[in-house]
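Notes to accompany the following structure.
Proteins get letters first, then strands, A, B, ... in listed order; numbering begins at 1 in each. These numbers were taken from a predicted model, which means no experiment stands behind them.
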Amino acid sequence: MTAPPIAPARLQRYWLMKSEPDECSIDDALAAPHATVPWTGVRNYQARNFMRDEMQVGDGVLFYHSSCSEPGIAGIARIVSRARADPTQFDTASPYCDPRSPSDKPRWLLLDVQAVRKTRLIGLAELRKHPELTGMQVLQKGNRLSITPVDAAHWERILQLSVD
DNA sequence: GCCAACGTTGGC
DNA sequence: GCCAACGTTGGC
């Protein structure tokens, strides 16, 4: 008797997500209920499409601090929900309000991100010192995307670096 | 605060 | 669809 076919599990994927620590640092995320924060404020279609089409519960996240004195990877997190409408797009008091987003067809999405642990700060200069990481999107010139896919090899290497 | 790089907008 | 103007990002 052969075992019934089992749908192959989707490969876990990995992402780098930028957050301004003034708005939500890794410490803020760890201090939130269930260490989970709704990833509000993404207003770029490519990043939105990653959330909508590619990111799944269980995916790994490099929590990156941007636009701050020490930009770099600050923690590890995971995706804990599918994408849904970002309510801040309809909040006229929010800096993320988008009056052109139709309420019956929300333009902007978010998903929930659960902080797993803080790491030592792995800064940009350090990341660039490792030739095996030079392909990372966050290290490319002119990179601005707030969510970028991360290769499994890069993920593993950064986990190693984080405990050095 | 500077400025390079990039995304978006909107006239044509 | 082109592309100039403008706004934003984000490291430095």
* Rounding to a whole Å, what distance do you find between A:N44:CG and C:dG10:P? -> 9 Å
* Asked: Would one find a side-chain N or O of A:Y64 under 4.0 angstrom from OP1 or OP2 of C:dG11?
  -> yes
* Asked: Which nucleotide in the list B:dT9, B:dT8, C:dG11 gets nearest to the side chain of A:R100?
  -> B:dT9
* How long is the line joining NZ of A:K141 and P of B:dA4, in whole Å? -> 10 Å
* To do: Take the protein atom CG of A:L145 and the nucleotide atom P of B:dG7, then report the distance between them rounded to whole Å.
  => 7 Å
* To do: Show your reasoning for whether salt bridge (charged side-chain N to carboxylate O under 4.0 Å, His left out) applies to A:R120 and A:E126.
  => CA-CA 12 Å; A:R120 73 183 180 85; A:E126 179 178 352; 2.6 Å; yes
* Under 6.0 Å between the ring centres of A:Y45 and A:W108? -> yes
* N/O donor-acceptor pair under 3.5 Å between A:Q89 side chain and A:R100 backbone -> no
* Taking CH2 from A:W108 and P from B:dG7, how many angstroms apart are they, rounded to a whole number? -> 13 Å
* To the nearest angstrom, how far is A:L139 atom CG from B:dA5 atom C1'? -> 16 Å
* Asked: Rounded to the nearest Å, what distance is computed from the CZ atom of residue A:R43 to the P atom of nucleotide C:dT9?
  -> 11 Å
* Using atom CE of A:M136 as one end and atom C1' of C:dG11 as the other, report the distance to the nearest whole Å. => 16 Å
* Any side-chain N or O of A:K18 less than 4.0 Å from the OP1 or OP2 oxygen of C:dT9? -> no
* Asked: Could you give the CD1-to-P distance, from A:I73 to C:dG11, as a whole number of Å?
  -> 12 Å
* To do: Choose from B:dG10, C:dG10, B:dG7 the nucleotide whose nearest atom is closest to any side-chain atom of A:S67.
  => C:dG10
* Asked: Hey, what's the ring geometry for A:W39 with A:F63, parallel, tilted or perpendicular (30° and 60° as the breaks)?
  -> perpendicular
